[in-house]
K.L.:
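Mind having a look at this structure? Questions to follow.
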Amino acid sequence: MKKMILSAAFLAFAGLTTVKASEVKSPVIAIQQDSTTKVPVKLEELPDAVKTTLQSDKYKEFSPSAAYLVTAANKSEWYLVELAKEGQTASLKIGKDGVVVE
């Protein structure tokens, strides 16, 4: 009986303790999946051609929320831009020259 009470007390004490982890500031995350690399890009650092495409009549109603530079296994590159509009989200592939990739 004493062992059971001591075990319960030990578990209760262990449950109340916490561990403080150090903070990571501005991590750079590169996601690699199936030989495809996806690197986050700041929206203001997008090429002018991509910004022009996002400001065109077709996409001006959407606001970009995130952007990534995607490099495929065959070394082709494009920007994947996540867009939002009134609760809707969409992803758009845009080449470095500003042309939308299907």
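Worth saying up front: this structure is predicted, and the values here are computed from it rather than measured.
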K.L.:
Taking everything shown except Lys85 itself, do over 12 heavy atoms lie less than 6.0 Å from its NZ?
P.N.:
yes

K.L.:
Which heavy-atom pair separates Leu43 from Pro64 by the least distance, and what is that distance?
P.N.:
CD1-O, 3.5 Å

K.L.:
What pair of heavy atoms forms the shortest contact from Leu80 to Ser91, and how long is it?
P.N.:
CD1-CB, 3.9 Å

K.L.:
Quick check: closest heavy atoms across Glu45 and Val41, and the distance to 0.1 Å?
P.N.:
CB-CG1, 4.2 Å

K.L.:
Report the distance from atom CD1 of Ile94 to atom CG of Leu46, rounding to the nearest 0.5 Å.
P.N.:
8.0 Å

K.L.:
Counting only N and O atoms by type, is there a donor-acceptor contact under 3.5 Å from the side chain of Thr53 to the main-chain atoms of Ala49?
P.N.:
yes

K.L.:
For atom CD of Glu61, decide whether the heavy atoms of other residues, nucleotides or ligands shown that lie under 6.0 angstrom number more than 12.
P.N.:
no

K.L.:
On a heavy-atom basis, which atom in Val101 and which in Gly95 lie closest, and how many Å separate them?
P.N.:
CG2-N, 3.7 Å

K.L.:
Under a 3.5 Å distance rule, please check whether Lys96 uses its side chain to pair with a backbone N or O of Val50 as donor and acceptor.
P.N.:
no

K.L.:
Of all the heavy-atom pairs spanning Trp78 and Ala72, show the shortest one and how long it is.
P.N.:
CZ3-CB, 3.9 Å

K.L.:
Can you find a pair of side-chain heavy atoms, one from Tyr59 and one from Val100, that are under 4.5 Å apart?
P.N.:
yes

K.L.:
Any chance you could lay out the side chain to side chain contact (heavy atoms under 4.5 Å, CB included) test for Leu54 and Lys51, step after step, and finish with the verdict?
P.N.:
CA-CA 5 Å; Leu54 293 173; Lys51 289 179 185 177; 5.6 Å; no

K.L.:
Please examine the side chains of Leu69 and Glu77, heavy atoms only from C-beta on, and report whether any two atoms are closer than 4.5 Å.
P.N.:
yes

K.L.:
From Glu82 CD over to Tyr68 OH, what is the distance, rounded to the nearest 0.5 angstrom?
P.N.:
4.5 Å

